[in-house]
Amino acid sequence: MLNIKNSFTTISNKKSLWNLSIVGLFIILVYLPDITRYKNLVMILICITALYYLVKDFRQVVNSLRGHLFLSILLFVLAMFYSVGISIDPALSFKEMNKPILNGLLLFSFTFPIVLYQESKERIAKIILVTFIIGMIAISLADIVKYIINYQATGEIPFTNYNHREFSYGFIFYFPVLLCSWALWKKHSLLSWSLLIIASAISLFLLLGTLSRGAWVAIVAATVFIITINKEWKLTLTAAICLGLLAGATHWVTASDPNTRLLIHKLTQTDSSHRYSNGTQGSAWSLIMENPVKGYGFGNKVYHQVYNSRVADYPDWTFRNSIGPHNVFLSLWFSAGILGLITTFVMTISALLTGSRIIRQHSGVIRQAALILLTAFMSLFIVRGAFENAYINEIGILFGLMIALYNKKTIEKK
């Protein structure tokens with residue numbers, strides 16, 4: 001009897017290791033460049049595992065997906081199918097919807113909770129923290145290596161171009177783990193503070209190097225939110241001092257180095273890409289108001305077609321060729337009309353409520369893991385989405401993990 005029990009425990013542990021490993025590996029790889037085939041391979045393993053559990057334990061797997069967040073995702077996806085149906089070019093809209101919505105948002109939100117349906121909340125929370133830390137380190141090292149290679153090849157120095165802009169998406173995604181790990185690390189020694197300051201300094205350098213003001217605003221919002229929730233007032237003082245030193249150092253460097261003029265321009269710019277009035281968002285608003293209920297169809301290419309065909313009717317528009325609406329909510333409203341706007345808001349509110357409830361009902365590692373997911377969603381989708389078209393597919397990873405963490409029927413492993 002003891003041998004059977006030990007064998008069952010061994011198999012169960014191996015199964016748990018497999019479940020957590022494939023999900024964790026994908027989280028680590030998702031923002032690393034030039035490894036698409038490996039990401040696809042891991043995702044195939046996740047899908048096969050999810051299908052196995054769906055067939056083997058259908059009722060419990062379906063129960064693990066029950067909740068208003070997954071329902072709101074389904075409603076949003078249906079609204080996007082509607083946008084394909086009414087599109088001025090349905091084939092083009094479906095092609096553009098396939099990766100971010102079907103193979104991104106829906107796929108991640110569906111498969112991740114299924115693969116993790118038997119795991120305890122503590123294990124899910126720990127794998128979130130570990131993989132986000134590793135992912136943050138991995139993309140930071142990759143970006144530093146890119147700086148070194150570019151400098152050796154062309155003499156490129158930081159803050160002089162937009163070659164590192166893509167790094168900002170992964171940075172926003174992983175960044176909350178830096179502050180949430182600190183909340184769990186109670187050894188506030190000189191060494192701990194030194195490590196935090198060094199990590200923050202490297203992160204700040206890499207973040208400024210993206211020259212993305214939307215990313216900067218998103219990180220500031222994430223920092224304020226996490227500090228407020230965790231009541232880390234020492235971090236507030238530290239952050240204020242660091243910002244003061246940064247402002248002074250920036251002024252000094254600017255006066256002595258003309259190569260940083262682009263950085264200073266981005267730091268002081270108030271209307272990047274002429275977003276408002278007759279700029280990117282203003283022109284998108286004008287098009288939406290012509291057809292606010294029905295919409296035009298999903299996709300940036302559809303938007304470009306409509307914009308470029310109507311630009312002659314709007315001589316005051318700043319851009320004579322479309323560069324996009326630069327706002328995720330306007331983009332989805334344009335795509336699917338009022339239905340798209342409503343389902344986007346419903347999905348957003350549902351995610352906020354789900355994340356907030358986990359934070360409120362738990363403590364320790366589960367609370368911090370939920371805070372990471374909620375902050376990353378707010379930073380990527382809501383804050384940065386107010387300035388740019390956010391990548392919706394990676395939001396599905398956050399939703400999938402949030403659904404798995406929220407599920408009250410999670411089986412505790414012994």
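Shown here are the salt bridge (charged side-chain N to carboxylate O under 4.0 Å, His left out) partners of Asp313, two or more places apart in sequence or in another chain: Arg310.
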### Task
Could you walk me through whether Val220 and Val383 pass side-chain contact (heavy atoms from CB on, under 4.5 Å), step by step?
CA-CA 10 Å; Val220 171; Val383 180; over 6 Å; no
### Task
Applying side-chain contact (heavy atoms from CB on, under 4.5 Å), run through Ile128 and Leu373 and close with a yes or a no.
CA-CA 9 Å; Ile128 290 171; Leu373 300 178; 3.9 Å; yes
### Task
Give the C-alpha distance, both sets of side-chain angles, the deciding distance and a yes or no for side-chain hydrogen bond (donor to acceptor under 3.5 Å, both in side chains) between Glu122 and His362.
CA-CA 11 Å; Glu122 287 76 13; His362 295 86; over 6 Å; no
### Task
Apply ring pair (Phe, Tyr, Trp, His ring centres under 6.0 Å) to the pair Phe132 and Phe173, showing each step before the final yes or no.
CA-CA 8 Å; Phe132 271 62; Phe173 184 89; 5.0 Å; yes
### Task
Could you please spell out the steps behind the side-chain contact (heavy atoms from CB on, under 4.5 Å) verdict for Tyr38 and Val42?
CA-CA 6 Å; Tyr38 301 108; Val42 176; 5.6 Å; no
### Task
Applying side-chain hydrogen bond (donor to acceptor under 3.5 Å, both in side chains), run through Glu96 and Asn300 and close with a yes or a no.
CA-CA 8 Å; Glu96 289 210 62; Asn300 286 328; 4.9 Å; no
#### Entry: Step-by-step side-chain hydrogen bond (donor to acceptor under 3.5 Å, both in side chains) determination, Ser16 to Gln118
CA-CA 8 Å; Ser16 178; Gln118 289 183 312; over 6 Å; no
### Query
Run the side-chain hydrogen bond (donor to acceptor under 3.5 Å, both in side chains) check on Asn63 and Tyr117 step by step: do they pass?
CA-CA 9 Å; Asn63 286 337; Tyr117 87 108; over 6 Å; no
### Step-by-step side-chain contact (heavy atoms from CB on, under 4.5 Å) determination, Ser109 to Met402
CA-CA 9 Å; Ser109 300; Met402 201 178 292; over 6 Å; no
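Side-chain contact check for Met347 versus Thr343: every heavy-atom pair is 4.5 Å or farther apart. Contact check for Leu332 versus Leu341: no side-chain heavy atoms found under the 4.5 Å cut-off. Taking 4.5 Å as the limit, some side-chain heavy atom of Leu353 sits within range of a side-chain heavy atom of His68. Proximity of Arg367 to Ile229: side-chain heavy atoms (C-beta onward) are separated by under 4.5 Å at one or more points. Two residues are said to be in side-chain contact when any heavy atoms from C-beta on lie closer than 4.5 Å; Trp18 and Val115 fail this criterion. For the pair Met43 and Cys47, the minimum side-chain heavy-atom distance is below 4.5 Å. Using a 4.5 Å cut-off on side-chain heavy atoms (C-beta onward), Leu374 and Ser356 make contact. Proximity of Cys180 to Ile226: side-chain heavy atoms (C-beta onward) are separated by under 4.5 Å at one or more points.
Ring pair Tyr169/Tyr391 is parallel by interplanar angle, where below 30° counts as parallel and above 60° as perpendicular. Aromatic ring orientation, Tyr147 versus Phe205: tilted (interplanar angle from 30° to 60°). Ring geometry for Phe112 against Phe108 counts as tilted: the plane angle lies between 30° and 60°, on a 0 to 90° scale. Ring planes of Phe94 and Phe81: tilted class, angle from 30 to 60°. The aromatic rings of Tyr307 and Tyr303 lie tilted to each other, with the angle between the two planes from 30° to 60°. Classified by interplanar angle (parallel below 30°, tilted 30° to 60°, perpendicular above 60°), the ring pair Phe334/Tyr296 is parallel.
Using a distance-only test at 3.5 Å, with no hydrogens or angles considered, no donor-acceptor pair links the side chain of Trp333 to the main chain of Gly340. Judged by distance alone, with hydrogens and angles left aside, the side-chain atoms of Ser283 form a donor-acceptor pair with the main-chain N or O of Thr280 at under 3.5 Å. A distance-only check finds no donor-acceptor pair linking the side chain of Asp57 to the backbone of Val61 [under 3.5 Å]. Using modelled atom types, one side-chain atom of Thr210 and one backbone atom of Leu207 make a donor-acceptor pair closer than 3.5 Å. Put simply, the side chain of Ser168 gets close to the backbone of Arg165: a donor and an acceptor are under 3.5 Å apart. Under a 3.5 Å cut-off, the side chain of Gln281 and the backbone N or O of Ala386 do form a donor-acceptor pair. Of the possible donor and acceptor atoms, none in the side chain of Lys294 sits under 3.5 Å from a partner among the backbone N and O of Ala336. Using modelled atom types, no side-chain atom of Thr354 and backbone atom of Ala351 make a donor-acceptor pair closer than 3.5 Å.
No more than 12 heavy atoms of other residues, nucleotides or ligands sit less than 6.0 Å from atom NZ of Lys301. Counting non-hydrogen atoms of other residues, nucleotides and ligands closer than 6.0 Å to NZ of Lys39 gives a total above 12.
Shown here for Ala284 and Leu330, the closest heavy-atom pair between the two residues is CB-CD1, 4.3 Å. Taking both residues in full, the closest heavy atoms of Leu178 and Ala199 are given as CD1-CB, 4.1 Å, listed atom of the first, atom of the second, then distance. Taking both residues in full, the closest heavy atoms of Asn393 and Gly104 are given as CB-CA, 3.6 Å, listed atom of the first, atom of the second, then distance. Between Phe298 and Ser83 the shortest heavy-atom distance is CB-OG, 3.2 Å. When all heavy atoms are compared, the tightest approach of Val84 to Met97 is CG2-SD, 3.8 Å. Across all their heavy atoms, Asn327 and Phe329 have their closest contact at OD1-N, 2.9 Å.
Atoms CD1 and CD1, from Ile22 and Ile27 in turn, are 11.0 Å apart once rounded to the nearest 0.5 Å. Separating the OG atom in Ser120 from the CG atom in Leu405 is a distance of 10.0 Å, to the nearest 0.5 Å. One finds the CE atom of Met80 at 5.0 Å from the OG1 atom of Thr344 (value rounded to the nearest 0.5 Å). With rounding to the nearest 0.5 angstrom, the CG atom of Leu184 is 5.0 Å from the CD atom of Gln368. Taken from CH2 in Trp317 to OG in Ser286, the straight-line distance is 6.0 Å, to the nearest 0.5 Å. Note that CZ of Phe345 is 14.5 Å distant from OG of Ser350, once rounded to the nearest 0.5 Å.
With Asn19 as reference, Glu119 is the one residue of Lys14, Arg123, Glu119 to meet the side chain to side chain donor-acceptor pair (under 3.5 Å) rule. For the side chain to side chain contact (heavy atoms under 4.5 Å, CB included) with Tyr53, the qualifying choice from Ile48, Ile114, Leu116 is Ile114, the only one to do so. Each of Phe110, Tyr406, Phe377, Phe76 was scored for a ring-ring contact (aromatic ring centres under 6.0 Å, His included) with Phe399, with one residue passing: Phe377.
Aromatic ring centres of Tyr31 and Phe171: separated by at least 6.0 Å.
Under a 4.0 Å N-O distance rule, the pair Glu388/Arg213 does not qualify as a salt bridge.
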